[in-house]
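Just so you know, these numbers come straight off a predicted model, no measurement behind them.
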Amino acid sequence: QVQLVESGGGLVQAGDSLRLSCAASGRAVTTWSMGWFRQAPGNEREFVAAINWRGGHTYYDDSVKGRFSISRDNTNNTVSLQMNSLKPEDTALYYCAAGSFVATTITARVRKVYTSWGRGTQVTVSS
């Protein structure tokens with residue numbers, strides 16, 4: 001079983017940056033794909049970014065492409081999401097997720113392939 005714990009959320013102003021981190025424990029996820037999803041009140045949980053197990057391939061939703069960057073450190077079992085040029089519409093609860101699947105442009109966006117989820121960290125961007 002994999003436990004994921006997110007950190008780094010907070011209240012910032014539009015244009016600011018935040019860096020979210022996700023620590024995995026319970027078993028090594030070095031061969032697992034990792035992703036970030038977010039959920040705003042009243043909305044469904046949506047894909048933000050993902051990274052394959054080697055870290056050589058990354059995937060982003062169009063809404064964050066060019067502003068967010070996902071990375072991973074397999075030595076320390078962590079994955080990070082650097083968020084720049086934040087907008088009020090980025091306000092949401094951000095979840096870290098992991099799954100034993102081959103990440104592709106299609107699979108990385110599918111919630112059900114991720115079998116482990118964190119509890120989320122809140123990001124609030126004021127205008």
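- At least one donor-acceptor pair under 3.5 Å links the side chain of T121 to the backbone N or O of G9.
- No side-chain heavy atom of F68 sits under 4.5 Å from any side-chain heavy atom of I70.
- The distance from the CG atom of L20 to the OG atom of S80 is 8.5 Å, given to the nearest 0.5 Å.
- L4 contributes atom CG, which lies 13.0 Å from atom OH of Y95 (distance to the nearest 0.5 angstrom).
- A disulfide (SG to SG under 2.5 Å) check over residues 47-127, counting only residues at least two apart or in different chains, returns the pairs C22-C96.
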- Item | Check against side chain to side chain contact (heavy atoms under 4.5 Å, CB included), S69 and R19 | CA-CA 9 Å; S69 178; R19 186 175 181 86; over 6 Å; no

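- One distance of note links CZ of R38 with CD of E44; it measures 14.5 Å at 0.5 Å rounding.
- Counted by atom type alone, N84 and S17 present one or more donor-acceptor pairs between their side chains at under 3.5 Å.
- Of the possible polar contacts, none joining the D73 side chain to the N77 backbone as a donor-acceptor pair under 3.5 Å is found.
- Residues R109 and E46 are not in side-chain contact: their nearest non-hydrogen atoms beyond the backbone lie 4.5 Å or more apart.
- Judged by distance alone, the side chains of D61 and S63 do bring a donor and an acceptor atom under 3.5 Å apart.
- Checked by atom type and distance alone, the side chain of D16 pairs as donor or acceptor with a backbone atom of Q13 at under 3.5 Å.
- Residues S127 and A14 share a closest heavy-atom pair of CA-CB, 4.4 Å.
- Nearest approach of N74 to W53, heavy atoms of both residues: ND2-O, 2.9 Å.
- Grouped with V5 in a hydrophobic cluster is no other residue, since no side-chain heavy-atom contact under 4.5 Å to another Ile, Leu, Val, Met, Phe, Trp or Tyr is found.
- Remark: side-chain polar atoms of T107 are paired, donor with acceptor, to backbone N or O of V102 under 3.5 angstrom.
- Here the side chain of E6 pairs a donor or acceptor atom with the backbone of R119 at under 3.5 angstrom.
- Taken to the nearest 0.5 Å, the CZ atom of R67 stands 6.5 Å off from the CG atom of L86.
- Here the side chain of N76 pairs no donor or acceptor atom with the backbone of T78 at under 3.5 angstrom.
- Judged by distance alone, the side chain of T91 and the main-chain N or O of V125 form a donor-acceptor pair under 3.5 Å.
- Ion pair K65/D62 flagged as a salt bridge, since at least one NZ, NE, NH1 or NH2 atom sits closer than 4.0 Å to an Asp/Glu carboxylate oxygen.
- Using cut-offs of 30° and 60° on the angle between ring planes, the pair Y114 and F101 is perpendicular.
- For R45 and W117, the positive end sits near the middle of the six-membered ring, less than 6.0 Å away and at most 45° from its axis.
- Distance check: R72 CZ to T58 OG1 gives 12.0 Å after rounding to the nearest 0.5 Å.
- When all heavy atoms of G26 and Q3 are compared, the closest pair comes out as CA-OE1, 3.4 Å.
- Looking at L81 and V48, their side chains come closer than 4.5 Å, going by heavy atoms from C-beta outward.
- Between F47 and F37, the distance separating the two ring centers is shorter than 6.0 angstrom.
- Once rounded to the nearest 0.5 Å, the distance linking OH of Y94 with CH2 of W36 reads 10.0 Å.
- Between H57 and T104, the closest side-chain pair of non-hydrogen atoms is not below 4.5 Å.
- Between V123 and L18, some side-chain heavy-atom pair lies under the 4.5 Å cut-off.
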